[in-house]
Amino acid sequence: MIMKTKNIILCEVIGWAFIVFSAIPSYLMTVPNNCSIISRFNIVENPWSSALLIAGLALVSVGSFFILKDYFDAKEGEQKVNKKLIFFLLAAAFVAVPFNNHDINFYFSAGKMAASGVSMYTDNWSMTNQFYCPPSNSSINGIPYGPIAVSLFKYLYLFVNGNVANFILIWKILMGLCFVGSIFLAEMIASILNNKLNKAAFYLLWFSQPIILWEGFANGHFDVWLNTLVLLSILFSLKKKWWLVIVCLFIGIWIKFIPLLMFPWFALWWYQGINKDNWKKMLSEASLGLVASLFITIISWQPHWKGWQVFSPIILQTKWAVTSIFSVIYYSLVGTFQYFLHADAHWYLTRLVQFSLLALMIYLLYPLIRDVWLIIIRKKVGDGNFFIRAIFVSLLVYVAVWQKSFWPWYMVWLLPLGLLAFQENSSIFFKKILIWLNIMPLIFYPIWLLNHFVRHTDAPGELWFWYVVVGLVMVYPLYQLYQWRKKGFSQ
């Protein structure tokens, strides 16, 4: 067991060291006149840097698999923790260069454009990636994020005076604070639910999640903000502070819209607590929350509002089909449909695929749909564990089945909820889903890089790659979810 623990730590340490050193010189590309000297170290231009990253992700995946497996399999009190390892993982993710530097440069450029007075939701604007030599530019039509996120991009850009390296530094500090803060929220939630929680081991489990460390911290995707707000919403729901639940959800919605998918579960949680003795208090709390949220909405949108067309970018985003089950089915059949139906092919095919996936969603979620109906008619009462598990399952089905586009960082929405729910429901199917979703989405990057150097094409835009992502990332957890569904998502 000692050797095994040492090997796990060794995998994590060497893996993250490889990830850090694969592209750390790229930071110097942001310094004037250094571009041509350092460009050879760009992760997508240097095969040795890419090889280091691939090896690093592989080692981290192996180490994290055993950390997760040992935690899930250990009996109460057997889980161990290494504080030095936790500190090292956080430090390594902090200094690691964001992969291909696209999204974090997107945030930086969005802040620059917003500061210059561009209407981010209705105008075309230019994104610059300064980690290429010469810097690459691309035209962007609108922005698919909420106004609070856009305002943060803007004010952070102004704060760093247009310095992209300082922007990334402060951005990662903000992500890290949310990531670290979320563990304390999770601990508070677990204590209220009376779940038996080995705190030290849970900290290691939380901080060693490779997909969140890589996507949420190293790459700087700000989905960790949503985690913090959703965990706050759960905490306030358990404490019956319903007006704060509504406020937290609305703030999350105006950051990245995703909490809108969870809102019905919180509304049901609030509804089941209403009785003849407290209905006035419950309605007043909800009204206070809605009024406060309306005020937040007005303040948030005021600098950006150009009419209802501000929602066009997010509507367009929902129609973007790439690396998803929908995209695989649609683009596999579109040629045949065009042969027989000509101009009507798109109309018939999209509806066929969407109704088929909707039927699959309803089938997978039927036990929860049944529970919702029982709660509505007052024949069932769901506790906090039920609602956390329900949010996780429904969000997983949405991302894996219905969402038209899939990217690895979408797992950041799911895993904190899943790890929290697992404290109460240790189903073998649940365990397999969590381990798989924590590790397998990372396969996206090695395949992308290998294709880039061998075929010199952009894999995420090709159908074969979508088959690989769907086959390796989504099929297995959906199968385990199907098995778990047959038990009503219970033990």
Side-chain angles (χ1 to χ4, degrees), residues 211 230 258-269 318 321-330 332-333 349-377 380 382-408 410-422 424-441 466-467 469-491:
I211 197 68
V230 170
I258 300 304
L260 190 62
L261 301 172
M262 310 174 196
F263 205 99
W265 288 111
F266 287 98
L268 184 67
W269 200 344
T318 63
V322 59
T323 58
S324 63
I325 291 178
F326 177 93
S327 64
V328 165
I329 298 173
Y330 178 89
S332 297
L333 298 177
L349 181 55
T350 52
R351 280 147 186 81
L352 174 65
V353 178
Q354 286 178 324
F355 279 118
S356 299
L357 294 179
L358 179 61
L360 177 60
M361 281 185 64
I362 293 173
Y363 174 78
L364 290 173
L365 293 176
Y366 175 74
L368 293 181
I369 295 172
R370 180 188 57 212
D371 288 339
V372 167
W373 174 245
L374 292 175
I375 291 172
I376 290 174
I377 63 174
K380 178 182 175 71
D383 61 6
N385 287 310
F386 165 81
F387 283 101
I388 295 170
R389 186 168 66 251
I391 293 170
F392 170 82
V393 170
S394 58
L395 198 57
L396 171 60
V397 172
Y398 172 82
V399 170
V401 176
W402 185 256
Q403 178 94 352
K404 289 189 176 72
S405 62
F406 171 83
W407 301 100
Y410 291 178
M411 295 300 99
V412 178
W413 310 341
L414 294 165
L415 290 170
L417 292 170
L419 292 176
L420 191 56
F422 186 82
E424 180 267 341
N425 187 311
S426 55
S427 162
I428 183 65
F429 309 113
F430 201 176
K431 179 181 77 172
K432 290 178 178 179
I433 289 170
L434 289 175
I435 293 176
W436 193 268
L437 294 181
N438 231 315
I439 295 170
M440 282 310 295
W466 303 351
Y467 270 100
V469 172
V470 169
L472 291 180
V473 178
M474 299 182 193
V475 171
Y476 181 78
L478 283 176
Y479 173 73
Q480 295 300 327
L481 191 69
Y482 161 73
Q483 297 288 344
W484 194 19
R485 173 206 178 277
K486 292 193 292 186
K487 297 182 178 294
F489 299 122
S490 59
Q491 293 286 355

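Nothing here was measured: the structure is a model prediction, and the numbers come from that model. Counting begins at 1 with the first residue of the sequence.
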Inset, instruction - Kindly give the heavy-atom pair with the smallest separation between Phe489 and Leu364, and that separation in Å. - result: CZ-O, 3.3 Å

Inset, instruction - For the residue pair Phe386 and Ile375, establish whether any side-chain heavy-atom pair is separated by less than 4.5 Å. - result: yes

Inset, instruction - Give the intermediate values and the outcome of side-chain contact (heavy atoms from CB on, under 4.5 Å) for residues Trp402 and Leu358. - result: CA-CA 7 Å; Trp402 185 256; Leu358 179 61; 3.9 Å; yes

Legend entry - Test log, rule side-chain contact (heavy atoms from CB on, under 4.5 Å), inputs Leu374 and Ile377: CA-CA 5 Å; Leu374 292 175; Ile377 63 174; 4.3 Å; yes

Legend entry - Which atom of Ala321 lies closest to which atom of Trp466, heavy atoms considered: O-CH2, 3.9 Å

Legend entry - Interatomic distance, Leu437 atom CG to Tyr476 atom OH [nearest 0.5 angstrom]: 10.5 Å

Legend entry - Lys404 charged N/C atom sitting above Tyr330 aromatic ring, 6.0 Å / 45°: no

Legend entry - From Phe429 atom CZ to Lys487 atom NZ, the distance as rounded to the nearest 0.5 Å: 5.5 Å

Inset, instruction - Classify the ring geometry between Phe430 and Phe422 as parallel (under 30°), tilted (30 to 60°) or perpendicular (over 60°). - result: perpendicular

Legend entry - Closest approach of Phe387 to Gly382 (non-hydrogen atoms, all atoms of both residues): CE1-O, 3.3 Å

Inset, instruction - For the pair Arg485 (side chain) and Tyr363 (backbone), establish whether a donor and an acceptor sit closer than 3.5 Å, ignoring hydrogens and angles. - result: yes

Legend entry - 4.5 Å side-chain heavy-atom contact, Leu434 and Lys431: no

Inset, instruction - Could you check if a side-chain atom of Trp407 sits within less than 4.5 angstrom of a side-chain atom of Val322, using non-hydrogen atoms only? - result: yes

Inset, instruction - Report yes if some heavy atom in the side chain of Ser332 is under 4.5 Å from a heavy atom in the side chain of Tyr467; otherwise report no. - result: yes

Inset, instruction - Answer whether the closest heavy-atom distance between the side chains of Gln403 and Phe326 falls below 4.5 Å. - result: no

Legend entry - Spacing of Leu414 atom CG and Ile391 atom CD1 [to the nearest 0.5 Å]: 11.5 Å

Legend entry - Closest non-hydrogen atom pair, Thr323 against Val469: O-CG1, 4.2 Å

Legend entry - Side chains of Trp436 and Gln480 in contact at under 4.5 Å (non-hydrogen atoms): no

Legend entry - Euclidean distance, Leu396 CG relative to Met411 CE, rounded to 0.5 Å: 7.0 Å

Legend entry - Contact check, side chains of Val372 and Trp265, non-hydrogen atoms, under 4.5 Å: yes

Inset, instruction - Using a 4.5 Å cut-off on heavy atoms from C-beta on, say whether the side chain of Leu352 contacts that of Ser356. - result: yes

Inset, instruction - On the 0 to 90° scale, with breaks at 30° and 60°, tag the Phe266-Trp269 ring pair as parallel, tilted or perpendicular. - result: parallel

Legend entry - Non-hydrogen atoms of Ile376 and Leu268 that approach each other most closely: CG1-CD1, 4.0 Å

Legend entry - Separation of Trp413 CH2 from Tyr398 OH (nearest 0.5 Å): 6.5 Å

Legend entry - Phe406 backbone acceptor or donor facing Ser324 side chain under 3.5 Å: no

Legend entry - Heavy-atom pair of closest approach, residues Leu478 and Ala400: CD2-CB, 3.9 Å

Legend entry - Separation of Leu481 CG from Met474 CE (nearest 0.5 Å): 13.5 Å

